[in-house]
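Presented below is the structure to which this report refers.
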Number of protein chains: 2
Amino acid sequence: MKKADTRIQKKNQAVILKAGLEVFSQYGFRGATIDQVAEAAGLSKPNLLYYFPSKEAIYTALLSQLLEHWLEPLKALDREGDPVEEILSYAKRKLAMSRDYPQESRLFANEIIQGGPRIGDVLRGELKELVDETSKVIDAWVAAGRIKPVHPYHLIFSIWALTQHYADFDVQVRAIMGDQDPFESAEDHLEVVIRRVLTI
Amino acid sequence: MKKADTRIQKKNQAVILKAGLEVFSQYGFRGATIDQVAEAAGLSKPNLLYYFPSKEAIYTALLSQLLEHWLEPLKALDREGDPVEEILSYAKRKLAMSRDYPQESRLFANEIIQGGPRIGDVLRGELKELVDETSKVIDAWVAAGRIKPVHPYHLIFSIWALTQHYADFDVQVRAIMGDQDPFESAEDHLEVVIRRVLTI
DNA sequence: ATAATATTTGACCAACTGGTCAAAGGAACG
DNA sequence: CGTTCCTTTGACCAGTTGGTCAAATATTAT
């Protein structure tokens with residue numbers, strides 16, 4: 001039936017996902033409306049529903065697409081590398097993502113804050129697995145005396161918190177920092193903090 | 001007209017605010033409905049609207065009530081005290097609030113993530129002022145050589161991020177930590193991190 | 001050009017939304 | 001007891017919401 005992916009289909013699906021990201025990241029799933037997404041996409045509502053069967057379908061498509069992108073940096077962490085530099089580079093990549101893809105971050109934050117009803121399984125499955133593995137690496141580094149002792153889970157949470165904060169609470173950060181670009185100084189701060197916490 | 005505050009009025013207003021906190025913190029302003037709040041409060045919708053003129057009135061009442069409570073700990077920071085212990089005690093109070101009032105945290109997070117349309121003025125006003133003052137204290141501590149050099153804004157952001165994360169991303173944290181209580185180990189981790197970052 | 005297929009749209013619908021209102025039910029007070 | 005004021009509610013309303021559908025239009029293949 002809908003197997004053919006003409007270039008107009010690919011284009012419109014991409015346009016819709018982009019529009020959906022804008023709208024859902026700002027209002028959350030329940031707060032967003034199909035009409036808003038349609039308008040942001042420059043399509044009529046029925047036309048939008050020609051490409052995606054429902055509001056939920058757009059949202060979940062966004063979520064799963066986003067998660068892949070999101071977990072990538074953590075997978076890139078190399079147990080053979082220098083511990084501090086590895087963790088530092090992970091944190092910096094994560095901060096860069098907050099700068100370059102703040103909407104993705106806010107979409108995810110909205111979903112989690114609201115209890116993660118459409119993503120809980122992934123959290124308890126793939127995400128937990130990945131975090132558990134990374135934790136083992138961190139524990140090994142600690143045991144080998146290559147970084148100061150840290151609770152691996154909380155170290156990872158800390159990096160998430162410190163980096164995503166700049167995307168999710170962007171308004172608050174900018175309200176306080178005024179003209180200054182938060183991200184430049186944030187990167188320096190992040191590096192200082194991580195080095196002090198981990199370097200033996 | 002409505003000056004008399006009978007005890008039934010006080011009670012119902014409190015019940016409504018509590019219900020509003022539940023519902024708004026979970027769905028955000030746009031995602032929540034008056035009917036949900038009314039049901040959570042155990043009142044009929046018209047009865048609820050007898051005590052508050054509109055959905056927005058409940059929400060803004062919650063926001064301003066919450067902000068007072070929220071900024072209190074930062075005001076309690078004492079420039080005459082021991083720098084590390086002062087900052088540490090602030091961070092611990094903030095973490096305790098994430099544990100004891102997670103809904104407040106999520107309500108606030110929802111508002112900020114969605115661009116803070118009903119709170120932006122407070123952020124740029126009272127909040128910025130308070131943060132600026134605190135920053136001066138931190139800078140003075142740094143200048144006096146009593147803590148290691150830090151960017152004061154980012155130090156404050158870091159504490160907010162590290163503590164609120166446990167309330168706002170509760171689902172994610174628990175998905176990864178399973179049975180373990182996040183808050184116990186989080187407090188230890190927080191203390192370790194702050195001491196390593198600040199202690200000379 | 002013609003037929004088949006893919007895309008777009010206006011009109012429509014039932015359910016839900018925030019909010020109103022007049023009337024009914026209670027509490028308090030002389 | 002009756003009156004006044006506070007509280008509660010069922011019925012209602014206009015606007016919005018997610019979603020449908022048949023018909024119109026554009027694209028593609030033959």
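Below, read A as the first sequence line, B as the second, and so on, with proteins coming before strands; counting in each chain starts at 1.
The ring-ring contact (aromatic ring centres under 6.0 Å, His included) test applied to A/H165 returns A/F169, not counting sequence neighbours. Residues passing the side chain to side chain donor-acceptor pair (under 3.5 Å) test with A/E111, sequence neighbours excluded: A/Y59. Applying the side chain to side chain donor-acceptor pair (under 3.5 Å) test to B/S158 and every residue at least two apart in sequence or in another chain returns A/H189.
Put simply, B/N12 has no side-chain N or O that comes within less than 4.0 Å of OP1 or OP2 on D/dC6. Phosphate contact (OP1/OP2 of C/dT7, side-chain N/O of A/Q9, threshold under 4.0 Å): present. Side-chain N/O atoms of A/Y50 include one lying less than 4.0 angstrom from OP1 or OP2 on C/dT7.
B/I34 has its CD1 atom 16 Å from the P atom of D/dT9, to the nearest Å. The OH-C1' distance, from B/Y27 to C/dC16, rounds to 15 Å in whole Å. Protein atom NZ of B/K11 is 14 Å distant from nucleotide atom C1' of C/dG26, rounded to whole Å. Between the OH atom of B/Y51 and the C1' atom of C/dG19 there is a distance of 18 Å, rounded to whole Å. The nearest whole Å value for the distance from the NZ atom in B/K55 to the P atom in C/dT20 is 14 Å.
Shown for residues 39-48 of chain B: residues whose heavy atoms fall under 4.0 angstrom of DNA chain C, namely B/K45, B/P46.
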Determine all donor-acceptor pairs shorter than 3.5 Å in which one atom belongs to a side chain in residues 30-43 of chain B; sequence neighbours excluded.
| from | atom 1 | to | atom 2 | distance (Å) |
| --- | --- | --- | --- | --- |
| B/R30 | NE | A/G31 | O | 3.2 |
| B/R30 | NH2 | A/G31 | O | 3.1 |
| B/T33 | OG1 | B/Q36 | N | 3.1 |
| B/T33 | OG1 | B/Q36 | OE1 | 3.4 |
| B/Q36 | OE1 | A/R30 | NH2 | 3.4 |
| B/Q36 | OE1 | B/T33 | N | 3.0 |

Contacts under 3.5 angstrom, residues 74-84 of chain A side chains, donor-acceptor by atom type, not counting sequence neighbours:
| from | atom 1 | to | atom 2 | distance (Å) |
| --- | --- | --- | --- | --- |
| A/D78 | OD1 | A/E80 | N | 2.9 |
| A/D82 | OD2 | A/E85 | N | 3.2 |

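End-to-end axis angle for the helix from C/dA1-D/dT30 to C/dG30-D/dC1, using five pairs per end and rounding to 10°, comes out at 10°.
Listed by first and then second residue, the ring-ring contact (aromatic ring centres under 6.0 Å, His included) pairs involving residues 119-150 of chain A amount to none (not counting sequence neighbours). Sequence neighbours left out, not one pair with a member in residues 95-104 of chain A passes side-chain hydrogen bond (donor to acceptor under 3.5 Å, both in side chains).
When hydrophobic clusters are built by joining Ile, Leu, Val, Met, Phe, Trp and Tyr residues whose side-chain heavy atoms come closer than 4.5 Å, directly or via intermediates, A/V15 is not grouped with A/L66.
In this structure, A/A57 reaches neither bases nor backbone, as no heavy-atom distance under 4.0 Å exists between it and the strands shown.
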